[in-house]
K.L.:
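Below: one structure in structure tokens.
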Amino acid sequence: MTAQFLRRLTGRDRTLQANRQLGAVLAFVAGAINAGGFLAVQRYTSHMTGVVSAIADDLVLGQLLLAAAGLMSLAFFMAGAMTTAILTNWARRRAMHSEYALSLLLEALLLLLFGLVGANLHFWTEFLLPSTVLLLCFLMGLQNAVVTKISRAEIRTTHMTGVITDLGIELGRLLYWNRGGAGAHGLVRADRPRLRLLAGILSLFFAGGIVGALAFKHFGFSATVPVALLLIVMAARPLMDDISEHVR
């Protein structure tokens with residue numbers, strides 16, 4: 001049962017339910033990484049809106065080094081998304097079961113690297129701190145692209161602006177009073193399954209943030225290990241299917 005669930009969760013053959021379940025789990029992961037990462041490097045790395053605005057501000061104020069740092073963060077987030085696209089298409093051309101799991105496995109390995117680098121941050125702060133920020137940006141771009149490709153841009157997991165906007169739209173539809181009947185355009189009705197999905201993703205991102213912040217506060221960079229193990233477990237079943245087919 002567990003093997004079948006994991007195969008559906010991250011495997012090649014997708015269903016709407018599996019997409020939403022994966023989105024929910026990865027929202028929790030993103031919340032944990034984003035909040036824990038902030039405590040580690042004093043930067044939120046999962047959303048680029050603030051980064052782009054900061055680049056503009058820094059350019060106007062003549063803070064060229066800060067603007068360059070922002071551009072690097074943006075470039076690494078984009079590079080993470082590009083890497084997911086490359087891995088997914090490479091695996092798809094070979095009819096591999098792990099076309100989505102490969103990015104999750106890479107995320108897990110890089111998360112362990114983040115923990116290793118972060119644990120030595122106090123030795124070479126000037127070099128390792130910027131490297132750690134860029135690594136986190138790459139991780140978030142990598143993960144966001146996985147769910148975007150799987151759900152065809154219906155689900156986002158690493159930033160909540162779009163989720164909250166869509167949640168507000170659905171709540172507005174839910175509360176709308178259809179006075180006077182259907183009218184020319186029919187009754188206004190909320191998409192209740194989507195409403196539950198959006199609320200669940202937001203709640204799990206928040207819960208992940210609390211868990212990630214508490215874990216980093218009490219355990220430091222070793223808190224990355226359980227999150228990385230979760231991603232490895234999620235990615236393992238499709239990878240094992242590919243290995244078994246190759247052996248045969």
Side-chain angles (χ1 to χ4, degrees), residues 5 8-10 14-54 73-74 77-78 80-81 84 100 103-104 107-108 111 114 136-176 188-217 223-224 226-228 230-231 233-235:
F5 172 75
R8 287 195 304 270
L9 187 66
T10 57
R14 306 304 305 165
T15 65
L16 179 60
Q17 182 184 21
N19 289 347
R20 292 180 172 183
Q21 289 171 339
L22 180 61
V25 175
L26 291 182
F28 179 88
V29 169
I33 295 174
N34 199 40
F38 179 81
L39 293 183
V41 299
Q42 305 302 305
R43 296 286 188 280
Y44 288 119
T45 55
S46 68
H47 45 280
M48 291 293 106
T49 305
V51 172
V52 174
S53 297
S73 296
L74 188 66
F77 188 96
M78 192 179 302
T84 286
Y100 301 114
S103 292
L104 297 180
E107 181 181 359
L111 193 56
F114 164 69
L136 285 174
C137 289
F138 184 90
L139 275 169
M140 291 293 94
L142 188 79
Q143 177 179 308
N144 200 46
V146 173
V147 182
T148 299
K149 286 186 70 65
I150 284 176
S151 68
R152 298 184 179 180
E154 180 194 14
I155 302 171
R156 295 288 198 273
T157 62
T158 63
H159 53 278
M160 292 294 107
T161 303
V163 171
I164 294 170
T165 301
D166 291 344
L167 186 59
I169 290 171
E170 293 302 333
L171 286 173
R173 289 173 176 167
L174 181 68
L175 297 175
Y176 185 80
V188 176
R189 296 190 184 280
D191 184 341
R192 291 176 183 269
R194 180 165 173 76
L195 186 59
R196 287 192 293 270
L197 170 68
L198 295 168
I201 287 176
L202 178 59
S203 299
L204 284 166
F205 186 90
F206 180 71
I210 291 176
V211 171
L214 285 172
F216 184 84
K217 178 181 177 181
T224 59
V227 181
L230 173 62
L231 291 169
V233 169
M234 290 167 59

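We're numbering straight along the sequence, starting at 1. Side chains are part of it too, since the values below use all heavy atoms of this structure and drop only hydrogens, waters and symmetry mates. All figures in this text were calculated on a predicted structure; none of them were measured in a lab.
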K.L.:
Stepwise, does the side-chain contact (heavy atoms from CB on, under 4.5 Å) test hold for Thr10 with Tyr100?
P.N.:
CA-CA 6 Å; Thr10 57; Tyr100 301 114; 5.7 Å; no
K.L.:
Side-chain donor-acceptor pairs under 3.5 Å in residues 21-39, sequence neighbours left out?
P.N.:
{"from": "Asn34", "atom 1": "OD1", "to": "Thr45", "atom 2": "N", "distance (Å)": "3.2"}
{"from": "Asn34", "atom 1": "OD1", "to": "Ser46", "atom 2": "N", "distance (Å)": "3.4"}
{"from": "Asn34", "atom 1": "OD1", "to": "Ser46", "atom 2": "OG", "distance (Å)": "3.3"}
{"from": "Asn34", "atom 1": "ND2", "to": "Ser46", "atom 2": "OG", "distance (Å)": "3.2"}

K.L.:
So how far is it from Phe114 CZ to Leu136 CG, rounded to the nearest 0.5 Å?
P.N.:
4.5 Å
K.L.:
Please name all residues satisfying salt bridge (charged side-chain N to carboxylate O under 4.0 Å, His left out) with Arg194, sequence neighbours left out, ordered by chain then number.
P.N.:
Glu154, Asp166
K.L.:
How would you list, by chain and number, every residue that makes a side-chain hydrogen bond (donor to acceptor under 3.5 Å, both in side chains) with Arg173, sequence neighbours excluded?
P.N.:
Glu170
K.L.:
Less than 4.5 Å apart, side chain to side chain, heavy atoms only: is that true for Thr161 and Thr49?
P.N.:
no
K.L.:
Test your reading of the model: is there a side-chain donor-acceptor pair from Arg14 to the backbone of Arg8, 3.5 Å cut-off?
P.N.:
yes
K.L.:
With side-chain contact (heavy atoms from CB on, under 4.5 Å) as the test, would you mind laying out the steps for Met48 and Cys137 before giving the verdict?
P.N.:
CA-CA 9 Å; Met48 291 293 106; Cys137 289; 4.2 Å; yes
K.L.:
List, one per line, each side-chain donor-acceptor pair under 3.5 Å for residues 199-206, sequence neighbours excluded.
P.N.:
{"from": "Ser203", "atom 1": "OG", "to": "Ala199", "atom 2": "O", "distance (Å)": "2.8"}

K.L.:
What's the spacing between Arg20 CZ and Leu198 CG if we round to 0.5 Å?
P.N.:
8.5 Å
K.L.:
Supply the atom-to-atom distance Phe77 CZ to Leu142 CG, rounded to the nearest 0.5 angstrom.
P.N.:
10.0 Å
K.L.:
So which pairs with a foot in residues 24-37 pass salt bridge (Lys or Arg N to Asp or Glu O under 4.0 Å), sequence neighbours left out?
P.N.:
none
K.L.:
With side-chain contact (heavy atoms from CB on, under 4.5 Å) as the criterion, how do Asn19 and Thr15 come out once you've worked through the C-alpha distance, each side chain's angles and the decisive distance to 0.1 Å?
P.N.:
CA-CA 6 Å; Asn19 289 347; Thr15 65; over 6 Å; no
K.L.:
Quick one: pull up CD in Glu107 and CZ in Phe138 and give me the separation to the nearest 0.5 Å.
P.N.:
10.0 Å
K.L.:
Determine the minimum heavy-atom distance between Leu231 and Ala108, stating which atoms define it.
P.N.:
CB-CB, 3.7 Å
K.L.:
Applying side-chain hydrogen bond (donor to acceptor under 3.5 Å, both in side chains), name anything that partners Ser103, two or more places apart in sequence or on another chain.
P.N.:
Thr84
